[in-house]
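Structure first, then comments.
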Amino acid sequence: MRRTRPTRTAPPGTVSAARGRWRGAVDPYVTALLGTVGVAALLPARGAAADVADAGATGAVALLFFLYGARLSARETLDGLRHWRLHLTVLGCTFLLFPLLGLAARGLVPTLLTPPLYAGLLFLCLVPSTVQSSIAFTSIARGNVPAAICAGSFSSLAGIALTPLLAAALLGADAGGFSPGSLAEIVVQLLLPFLLGQVLRRRIAAFLARHKKVLGLVDRGSILLVVYTAFSAGMAAGIWHQVSLPRLGALLLVEAVLLAVMLLASWYGAGRLGFDRADRIAIQFAGSKKSLAAGLPMASVLFGAQASLAVLPLMLFHQMQLMVCAALARHRAGDAERDPERDAERDPDPAPAPAVPQRAPAHVAEVSPTPQHPAARAR
């Protein structure tokens, strides 16, 4: 009797956002972020209100990373190490190839980019990958979803340490007065809450599961508070006088080229390394994107008053990657439907692909850089 192989599907609910249908052309959460920027421009926090906002943002960032730690299962992470070549490839794309491209963009200063915009672009290249959107797009494209879950989780975990260290090495004084002493602040505000969440995970996991929707609002609200505080400080410092519409257009062009290079490099590079189609899809979507949810809190710590301009490239890139990857995921799904036997030579007994919605969404909202559901074992 022929032995059947398990179906490659995501755990229930992990890609629910991918199967919904968004009416607008813009991610609603990005709309909320832009609205928060507008509020900060019109009604920036000043004086005592700014002190209260700063204290609230500091607490919000600590809460965010506490929840990230409480949601990530160490056992599931260790199980995912079985597919270590794929995870190392994604980490190489995120923390090696991206930074190298960011350093290469230094030649665009000051012709296309101002020094502050370049610092933001380089910081974008140092941020970890996403989880939710990587899972969703990998599922739509019929890729290896369990591998995408683990790869995104590893990237987020590594980014807590690697992003500040890379910022210290590559940005230096450009990071709003960043110094080795800032590493202590990173540890206290980001790493310690994360570790505390890991320690308390078993005790509060049931509570988190029962209040998942409410905690999702807490995630988003915390990030919006961080954005408001950062852009209020930028308004008080007059930082927006440094940005013009032609400069913003140039920034968008540079980011479009950056995204295209990473999508091509991750896809064809994974092919040259011998990965099959399902793994290449996971590598492409996990290795070419950057996490807004992880980057914003880190920028508020690293850049201080300069954080408003520093996170602008990340906000623009976040929206761009969702739009492009949504279209690419639909294209990959169409390829699988037209040629289901394309990987027969490498995998003579292919596993059935997960069901794909008839119409994929244009965007997937990213709430936090850690999965909300138990990760399936990576193949």
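These figures come from a predicted structure and were not determined experimentally.
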Between [X] and [Y] (side chain of the first, backbone of the second, donor and acceptor by atom type, cut-off under 3.5 Å), is there such a pair?
X	Y	result
Thr138	Ala148	no
Arg280	Trp267	yes
Gln284	Ser266	no
Ser232	Pro44	no
Ser134	Thr130	yes
His318	Leu314	no
Lys290	Cys125	yes
Tyr118	Gly102	yes
Thr163	Leu126	yes
Arg247	Leu112	yes

Using distance only, find each side-chain donor-acceptor pair of residues 89-100 under 3.5 Å and give its atom names and separation, not counting sequence neighbours.
from, atom 1, to, atom 2, distance (Å)
Thr89, OG1, Arg85, O, 2.8
Thr94, OG1, Val90, O, 2.9

query: Between Phe137 and Phe285, what is the ring plane arrangement, given parallel below 30°, perpendicular above 60°, and tilted in between?
result: tilted
[atom2] on [Y] to [atom1] on [X], rounded to 0.5 Å:
X	Y	atom1	atom2	answer
Thr36	Leu225	OG1	CG	9.5 Å
Arg210	Lys212	CZ	NZ	13.5 Å
Ile140	Ile135	CD1	CD1	12.0 Å
Leu251	Leu316	CG	CG	5.5 Å

Hey, does [Y] have a side-chain heavy atom less than 4.5 Å from the side chain of [X]?
X	Y	value
Val311	Val227	no
Leu263	Cys325	yes
Asp279	Asp276	yes

